[in-house]
2 protein chains.
Amino acid sequence: MLLRLYSCLDMLGFVSAPFEVLAEPRRRQILDLLRQRPRLVGELTDELGLSQPGVSKHLRVLREAGLVGVRQDAQRRWYELRLEPLRELDAWLHPYRILWDRALDDLEDHLDTMPDEVRPRTEG
Amino acid sequence: MLLRLYSCLDMLGFVSAPFEVLAEPRRRQILDLLRQRPRLVGELTDELGLSQPGVSKHLRVLREAGLVGVRQDAQRRWYELRLEPLRELDAWLHPYRILWDRALDDLEDHLDTMPDEVRPRTEG
DNA sequence: GTCGTACATGCTCTTGCGGTTATATAGCTG
DNA sequence: CAGCTATATAACCGCAAGAGCATGTACGAC
């Protein structure tokens, strides 16, 4: 969805495509597999239980998003994980992470200043 | 895409829908706006430059994914951010974060054991 | 009650994704 | 060269998502 526009904007350095790309469960599965070691298209095809052209198509999307890299070796192509685009995901998440850290801090403060009578039991 | 299946699996506690939900730029934009404070549908409509029913539809998706909550006040509905589902995103990202932290460590080790002649200049 | 506001829902249309099959391309083998 | 392997690309199909418009619903004001 909107992938075409986004891969276009992406080339101009505007938007983070990783979200759209990783919305696909199979593509996340591919990344999970590549986390262990580089793989051939054939391996991925077996693991995913998908047609080879289907896998190639997903790999193309991942490649254009910079999430995987390819190393050619005769007819074979070793696909490997590239981490950089995931940092954009992480960056988007950051302000939210701050919020939930702060929520935890507030909770602690609340417990600290709570009178003993109504204070929940702390184990140990 | 596959949203129906996923919201179904989600109710059973199986899969993380946040990826599919946040693939939509407008929905991310909504969350970004709600990060500051709760908002009315009308406000969001103005900010997004989208039709009101369009906004309501996105809000419905966000609600079903647990990413926003609603508080009703007469005819008005205050939508507010809910952080919990974002933790699933964070959790998925975690093994990758470990990888890129390790990559940094390896780089440091490499620099530490590198002979001075070929060692890149460190500023300062 | 009627009217106006704030929002949700239903419908229809278009578009684009994800899938498969068939075919093209590239490289090795003999 | 022909034939096999590994992968990419093309062509096509089905379906669901996103957008707009019209309508329904709930609540307050009068």
Side-chain angles (χ1 to χ4, degrees), chain A residues 1-10 15 17-31 33-34 38-65 67-80, chain B residues 1-10 15 17-31 33-34 38-65 67-80:
Chain A
M1 110 222 351
L2 287 178
L3 265 184
R4 191 177 298 176
L5 170 62
Y6 273 85
S7 64
C8 191
L9 289 172
D10 221 22
V15 176
F19 273 102
E20 285 79 1
V21 173
L22 293 178
E24 246 304 316
R26 314 263 195 181
R27 289 199 281 261
R28 282 191 310 250
Q29 202 178 341
I30 290 177
L31 287 199
L33 287 166
L34 293 183
R39 309 252 188 178
L40 297 173
V41 181
E43 296 181 60
L44 294 172
T45 302
D46 294 342
E47 298 272 5
L48 295 183
L50 197 68
S51 68
Q52 173 264 312
V55 175
S56 280
K57 242 178 128 184
H58 283 308
L59 287 171
R60 181 171 163 76
V61 175
L62 288 166
R63 226 188 311 136
E64 287 174 350
L67 282 158
V68 302
V70 211
R71 196 168 48 82
Q72 188 155 359
D73 157 42
Q75 321 102 327
R76 307 179 163 188
R77 313 221 173 165
W78 294 96
Y79 277 85
E80 59 190 5
Chain B
M1 108 224 351
L2 286 179
L3 266 184
R4 191 177 298 176
L5 171 62
Y6 273 85
S7 64
C8 189
L9 290 172
D10 221 23
V15 174
F19 273 102
E20 285 79 2
V21 173
L22 294 177
E24 246 305 315
R26 315 262 194 180
R27 289 198 282 259
R28 268 173 301 170
Q29 202 178 341
I30 289 177
L31 287 199
L33 287 167
L34 293 182
R39 310 252 187 178
L40 296 173
V41 180
E43 297 181 59
L44 294 171
T45 302
D46 295 342
E47 299 271 4
L48 296 184
L50 197 69
S51 69
Q52 173 264 311
V55 175
S56 281
K57 237 179 133 189
H58 283 307
L59 286 171
R60 181 172 163 79
V61 176
L62 288 166
R63 226 188 311 135
E64 287 175 348
L67 282 158
V68 302
V70 212
R71 195 168 49 83
Q72 187 154 359
D73 157 43
Q75 320 101 328
R76 309 180 163 190
R77 314 220 172 164
W78 294 96
Y79 278 85
E80 59 190 4

Would you tabulate the nitrogen or oxygen pairs shorter than 3.5 Å linking the protein to nucleotides 9-11 of chain D?
none

Side chain to side chain contact (heavy atoms under 4.5 Å, CB included) assessment of L50(B) paired with H58(B): CA-CA 11 Å; L50(B) 197 69; H58(B) 283 307; 3.9 Å; yes

Listed partners of Q52(A) passing side-chain contact (heavy atoms from CB on, under 4.5 Å), at least two apart: V41(A), T45(A), S56(A)

Atom pair distance, as rounded to whole Å: CG in L48(B) and C1' in dG20(D): 16 Å

Heavy-atom closest pair, residues A23(B) and R28(B): O-NH2, 3.6 Å

N/O (side chain, S51(A)) to phosphate O (OP1/OP2, dT20(C)) under 4.0 Å: yes

Interatomic distance where CD belongs to E43(B) and C1' belongs to dC7(C) [whole Å]: 14 Å

For R26(A), salt bridge (charged side-chain N to carboxylate O under 4.0 Å, His left out) partners two or more places apart: none

Stepwise side chain to side chain contact (heavy atoms under 4.5 Å, CB included) check, L40(B) with W78(B): CA-CA 5 Å; L40(B) 296 173; W78(B) 294 96; 3.6 Å; yes

Gap between atoms CD and C1', on E20(A) and dG16(C) respectively (whole Å): 13 Å

Whole-Å distance separating the CD atom of E64(B) from the C1' atom of dT9(C): 12 Å

Atom pair distance, as rounded to whole Å: CG in L50(A) and P in dT21(C): 11 Å

Atom pair distance, as rounded to whole Å: CD in E24(A) and C1' in dC15(D): 14 Å

Pair L59(B)-L44(B), side chain to side chain contact (heavy atoms under 4.5 Å, CB included): steps then yes or no: CA-CA 10 Å; L59(B) 286 171; L44(B) 294 171; 4.0 Å; yes

Salt bridge (Lys or Arg N to Asp or Glu O under 4.0 Å) pairs, two or more places apart, involving residues 53-63 of chain B: R60(B)-E64(B)

Sugar-phosphate only, base, or nothing, as touched by L59(B) at under 4.0 Å among non-hydrogen atoms: nothing

Rounded distance (Å) that lies between atom P of dT7(D) and atom CZ of R39(A): 13 Å

Phosphate-side-chain proximity, H58(A) and dC17(C), N/O vs OP1/OP2 below 4.0 Å: no

N or O in side chain of Y79(A) less than 4.0 angstrom from dA6(D) OP1/OP2: no

V68(A)/L31(A) under side chain to side chain contact (heavy atoms under 4.5 Å, CB included): CA gap, chis, key distance, verdict: CA-CA 8 Å; V68(A) 302; L31(A) 287 199; 3.8 Å; yes

Interface with DNA chain C, restricted to residues 69-77 of chain B and to heavy atoms under 4.0 Å: Q75(B), R76(B), R77(B)

Any pair counted as salt bridge (Lys or Arg N to Asp or Glu O under 4.0 Å), so long as it reaches residues 40-53 of chain A, sequence neighbours left out: R37(A)-E43(A), R39(A)-E43(A), R39(A)-E47(A)

